[in-house]
Amino acid sequence: MEIPKTYDKSREAEIYSRWLEGGYFRASAENGKAQGKKPYTIMMPPPNITSQLHMGHALNNTIQDILIRFKRMQGFETLWMPGTDHAAIATEVVVMKALAQQGITKDDLGREGFLEKLWEWNEEYGGRIINQLKKLGCSCDWERLRFTMDEGLSDAVLEAFVRLYEEDKIYRGERLVNWCVKCQTSISDAEVEHKDTEGYLYHFKYPVEGVGHIAFATTRPETMLGDTAIAVAPNDDRYKDLVGKFAEVPMVGRKIPIIEDSYVDPEYGTGVVKITPAHDPNDFEVGNRHDLPRINIMNNDGTINEIGGTAYQGLTREDARKKIIEDMTARGLYIKAEPLTHAVGEHDRCGTAIEPLMQLQWFVKMDALAKPALDAYTSGKLKFNRERFGKTYAHWLENIRDWCISRQLWWGHRIPAYYCENGHITVSKSVPEKCSTCGAIHLTQDEDVLDTWFSSALWPFSTLGWPEKTSELDYFYPTNTLVTDRGIIFFWVARMMFMGEKFMGEIPFTHVFINGTVNDEHGRKMSKSLGNGIDPLEIIDDFGADTLRLMLTNGGALDNDTRFFRERLEPARNFLNKLWNATRFVIMNMDGFNESLEHYTHARGLTQQLEDEWITDLTNRLVVEVAEKLEAHEIGMAVGKIVDFIWDEFCDWYIEMVKPRLYGVQKAMETGDETAIENAKKLRFTAQYTLGMVLDTLFKVLHPITPFITEDLFLALNHATGTPSEVRTITTQPWPVLYPAKAGVVSLAEKSIERMKEAIRAIRAVRTEKQVPPSKKIAIIVVPMDEESRILFNFTKDFFTALSGASHVDMQDPDVAIPSSTVSIVVSGANIYLPMDALVDREKENARLTKEKQKLEQEIARIDSKLANEGFMAKAPEALVAAEREKREDFAAKLAKVNEELKG
RNA sequence: GGGCGCAUAGCUCAGUUGGGAGAGCGCCUGCCUUACAAGCAGGAUGUCGGAGGUUCAAGUCCUUCUGCGCCCACCA
């Protein structure tokens, strides 16, 4: 079979559908229990149905897929639960826009009609991102796909609401809420984005009965219409005579008291604050303390209402502000306006300035709920991949306020509260027949729906069947790792924590991995408004999902922000191409392997060569180290180790080392010597065997990162080596175990091969420096300094000859005279002579040696000064001192040789 | 205003308990060596943002300054 020379990404879709057909991603509580497997569960942060895959999703889901595939190979019963959330506001906005094109409004359709349109829209577009995740290679259990408005999840929402209500943890009350005058709904604190805005600080004064005026400042003059007090700091000498007197709000003629409250900072401005309890959160608190009336002067659309006075009624916030400034000026009460940059809250979905408005809304009482969620972190049960994220989490919970959960929307879970004509509230999962307080039978349900995050907060257990006691819930809950981005630590992570603790009695996960943000090439956030977003699907089309996944995870610290640009994909693509070709090479050189398998499997004396042992040892260590890194969620490091190993050790060294053995049979056949042929075949066989085994292992450790190419190559290699046909996929293969790891032990094979690499590198460096082309083969003389080295050079003669570009290698004893026209190289355990006098430029050679000498002297001086340092000798670990001494000896020996060389 | 992060080679970034400064890309030299030119071999490149401190030893710990970035926040 011909294999193309370049990495073939076009098979990804086909491979993926084969996986689905095989059902390899399915999780089963029953099977897991029956087989005594431990569960490993990840809950995918449900993207909302309006979203399409962006780079953040790509990174986030690649991380999850790596962890879940790794755990699956390790033999866990793995569940990666996928799903979507209904995103009440975002979805309504999208659908309303679509309807607006046809000239239809939400109100034209009515609640029922609009909901029908929303479901239709969800039917058509809600699954887009799911298909996009499949292109990325995500190995979710898609048969369990959930949506926050599924029947089961909706039931969980009602159950949770009713229980919290019955325990008095949910209440309805008049509070100032963040009101979006455009969306006409309240929103939670977390949905408010604060932006620095250029504005003015307006200075005015109000007349005070009998004593003139009192000056104050405000950024929002229109709220003056709702003022119900003037406040000064307690014991402020400037104003102590005024406290208790009444000022007058001119436009509405209201008399308001002058009070003292510690909220006022006497140092700021004039030390006087006007108090508008119905339109400012602080003033609301002050109002409570002083029992002030709350005067709401605004309609829900942001215009002034009838209480604001006939002169202003119907004006927008902005117009009312202008008119009030004019009117105050006319009355001589306007002082000045100074430019001011201040933070103004905006709705994160539509960018409209938030208006704090008094509303009857539903709230979740947070103090009692937040405590266990905070304790879980402080006690160490909940771990974040970086401490700083834990701090953010804790800080938020420590300063949490009650959560406004009602939204004046239609798309979502309608609040299960019913009102009778006497104003009583009945909360019930199903429509109640009568009022639970007075028995009245005419009940109307609350018009509002719940905050989307209320349902998302239940996600870890609602998706597993709660409130039913399912075996899934029993087996898979609590989950293991949550992978998400910084932006929703508050929205989602914290809320899942307290809901899980509340309803399951156990936190929903023990590890949180917060991934960094994928920015554009200049480090700016990718955003629609900037138009700098890069579509992962385009990248997948151009490079393949594996390349994208590898680029996103290789080397980096995944908790740090990263910059994305197309050029960064090339190294990843090049690596996959390298792996592809290495496999192609191995497959091409499997001639005779199957016959040999039968011949030699039971044959004695088929020991591995030194280089086989070496690469096996290294591969074994790699497997252990990668597993350790993945366990520790150091994904970037795990990936980096694999990539470096495959490229450097396996491809650049091992494959080159075994080439003479692979080609040896052919050569032996030319001689016709039966014994030689048989020996060559044995050598070839062990090379083929080791190549296949190591490569097979490498595919497995790489599989979680780049699942498609490893599946493809794994099957191709197994086909070539004649592995039984029941091996149909790499996804269900166990994580490789070659033999028990010898942690930290450097094997003899490893030390030996490292020495050979050093020798080869040294020869290559000299050759390059002297500009000897690779095609020019030269005779090399090796003089081993001891018996061990002599054996080593003998054992590795074949590849040593090939890799150093030698025509042949002569082993000589130290007492044999070396031809004078040679260049000598000193390596560990041997002197090497390149008889290439004709090619040597004496001046260049001396320059090289001098440079080498200086370098060695420097190193020795460095170590000497260290060894002469009393502090170091007294306090440094013994092993370190010994290592330094050893290095010094080594350098000194080389220096002696170099000096000798320079003399001669 | 509070909290946090980043600053290391020309560029993008690693550097896990303090112990000889790394990778990829780019650059220079030589190679189409029967897997791969998306490749191979060799090479150059850093007062690890500035200043102090702790230590025998600091990119790594502490203090402070500068320049970016993020999050939180009710100073009228």
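Naming: A, B, ... by sequence-line order, numbering from 1 per chain.
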For this session: Quick one, give me the B/S/- string for nucleotides 4-16 of chain B, reading 5' to 3', where B means a protein heavy atom under 4.0 Å from the base and S means that only happens at the primed atoms, P, OP1 or OP2.
Result: SS------SSSSB

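Comparing B:rA35, B:rC72, B:rA76 by their nearest atom to the side chain of A:Leu201 picks out B:rA76. Among the nucleotides B:rA41, B:rG42, B:rA76, the one closest to the side chain of A:Arg761 is B:rG42. Distances were taken from every side-chain heavy atom of A:Pro571 (C-beta onward) to each of B:rC25, B:rC56, B:rC75; the shortest belongs to B:rC25. Distances were taken from every side-chain heavy atom of A:Ala876 (C-beta onward) to each of B:rG19, B:rA35, B:rA38; the shortest belongs to B:rG19. Distances from the side chain of A:Arg486 to the nucleotides B:rA76, B:rC70, B:rG39 place B:rC70 closest. Closest contact between the side chain of A:Ile655 and the listed nucleotides B:rA38, B:rA35, B:rG19 involves B:rA35. Listed candidates were B:rC40, B:rC36, B:rC72. Nearest to the side chain of A:Phe490 is B:rC72. With B:rA35, B:rG42, B:rC74 as the choices, the nucleotide that has an atom nearest any side-chain atom of A:Phe585 turns out to be B:rA35. Checking B:rA76, B:rC72, B:rG39 against the side-chain heavy atoms of A:Asn574 singles out B:rG39 as nearest.
Atom CG of A:Leu176 and atom P of B:rC74 are 12 Å apart (whole Å). With rounding to whole Å, A:Glu355 atom CD is found 15 Å from B:rC74 atom P. Between the OH atom of A:Tyr393 and the P atom of B:rC72 there is a distance of 17 Å, rounded to whole Å. Protein atom CG of A:Asp485 is 15 Å distant from nucleotide atom P of B:rC70, rounded to whole Å. Rounded to an integer number of Å, the gap from NZ of A:Lys659 to C1' of B:rU34 is 8 Å. Counting to the nearest Å, the P atom of B:rC75 and the CD1 atom of A:Ile275 are 15 Å from each other. Separating the CD atom of A:Glu338 from the C1' atom of B:rC75 is a distance of 14 Å, rounded to the nearest angstrom. The nearest whole Å value for the distance from the CZ atom in A:Phe872 to the C1' atom in B:rG18 is 13 Å.
Note: A:His511 and A:His633 have perpendicular aromatic rings, judged against thresholds of 30 and 60 degrees for the angle between ring planes. Note: A:Phe384 and A:Tyr377 have perpendicular aromatic rings, judged against thresholds of 30 and 60 degrees for the angle between ring planes.
For the pair A:Lys659 and A:Phe585, the distance from NZ or CZ to the six-membered ring centre is under 6.0 Å and the angle to the ring normal is within 45 degrees.
Taking atom C1' on both nucleotides, B:rA9 is separated from B:rU47 by 14 Å, rounded to a whole Å. Nucleotides B:rU16 and B:rA7, compared at atom P, are 12 Å apart to the nearest Å. On the P atoms, B:rC48 is 14 Å away from B:rG22, given to the nearest whole Å. Spacing of P atoms, B:rC11 relative to B:rA57, comes out at 33 Å, to the nearest Å. The gap from the P atom of B:rU60 to that of B:rG5 amounts to 15 Å, rounded to the nearest Å. B:rG52 and B:rG20: their C1' atoms are spaced 26 Å apart (whole Å). To the nearest whole angstrom, the two P atoms, one in B:rC62 and one in B:rG69, are 25 Å apart. Rounded to a whole angstrom, the distance from the P atom of B:rC32 to that of B:rC40 is 16 Å.
The partner of B:rC68, taking Watson-Crick or G-U wobble pairs whose two distances both stay under 3.5 Å, is B:rG5. Look at B:rC61: its Watson-Crick or wobble partner, with both distances under 3.5 angstrom, is B:rG53. Nucleotide B:rA23 has B:rU12 as its partner under the Watson-Crick or G-U criteria, with both atom distances under 3.5 Å. Shown here, B:rA73 forms no base pair; nothing in the strands shown gives a Watson-Crick or G-U wobble contact with both key distances under 3.5 Å. The pairing partner recorded for B:rU33 is none, the criterion being a Watson-Crick or G-U wobble arrangement whose two distances lie under 3.5 angstrom.
If A:Glu570 and A:Val264 are placed on RNA chain B by their nearest nucleotide, the residue sitting closer to the 5' end is A:Glu570. Between A:Glu567 and A:Lys525, the residue whose closest nucleotide on RNA chain B is further toward the 5' end is A:Glu567.
Residues A:Phe564 and A:Leu59 have side chains not in contact (no heavy-atom distance under 4.5 Å, counting atoms from C-beta outward). Within the 4.5 Å cutoff, the side chain of A:Leu576 has heavy atoms near those of the A:Leu550 side chain.
Put simply, A:Lys776 has no side-chain N or O that comes within less than 4.0 Å of OP1 or OP2 on B:rG30. An OP1 or OP2 oxygen of B:rG18 is reached within less than 4.0 angstrom by no side-chain nitrogen or oxygen of A:Lys875. Proximity of A:Tyr663 to the phosphate of B:rA35: a side-chain N or O atom is located under 4.0 Å from OP1 or OP2.
Residue contacts for A:Thr270: at a heavy-atom cut-off of 4.0 Å it reaches no nucleic acid atom on any strand shown. Among the protein residues, A:Trp647 comes within range of the sugar-phosphate backbone only, with heavy atoms under 4.0 Å from sugar or phosphate atoms but none that close to a base. Across all strands shown, A:Gly390 has no heavy atoms under 4.0 Å from either base or sugar-phosphate atoms. Nucleic acid contact class of A:Asn519 (heavy atoms, under 4.0 Å, all strands): none. A:Asn869 comes within contact range of the sugar-phosphate backbone alone, with a heavy-atom separation under 4.0 Å but no base atom that close. Counting non-hydrogen atoms under 4.0 angstrom, A:Pro281 reaches nothing in the nucleic acid.
Checked against the 6.0 Å centroid criterion, the rings of A:Phe645 and A:Phe650 do not qualify as a close aromatic pair.
Salt-bridge annotation for A:Glu222 and A:Arg317: absent, with no side-chain N of the basic residue lying under 4.0 Å from a carboxylate O of the acidic one. Salt-bridge check for A:Arg289 with A:Asp261: passed, with a basic side-chain N closer than 4.0 Å to an acidic carboxylate O. Ion pairing of A:Arg573 with A:Asp546 is absent here, as no side-chain N (NZ or NE/NH1/NH2) approaches a carboxylate O to less than 4.0 Å. By the 4.0 Å N-to-carboxylate-O rule, A:Lys757 lies close enough to A:Glu649 to be salt-bridged with it.
You won't find any donor-acceptor pair under 3.5 Å spanning the side chain of A:Glu656 and the base of B:rA41, going by distance alone. The base of B:rC74 sits within donor-acceptor range of the side chain of A:Asn282, with an N or O pair under 3.5 Å. Residue A:Lys5 places no side-chain atom within donor-acceptor reach of the base of B:rC36, judged by atom type and a 3.5 Å distance cut-off alone. For a distance-only test at 3.5 Å, the side chain of A:Arg764 fails to qualify as a donor-acceptor partner of the base of B:rA41.
A donor atom on one side chain and an acceptor atom on the other are not found under 3.5 Å apart for A:Arg764 and A:Ser804.
Between A:Tyr334 and the choices A:Phe204, A:Tyr206, A:Tyr202, the ring-ring contact (aromatic ring centres under 6.0 Å, His included) rule is met once, by A:Phe204.
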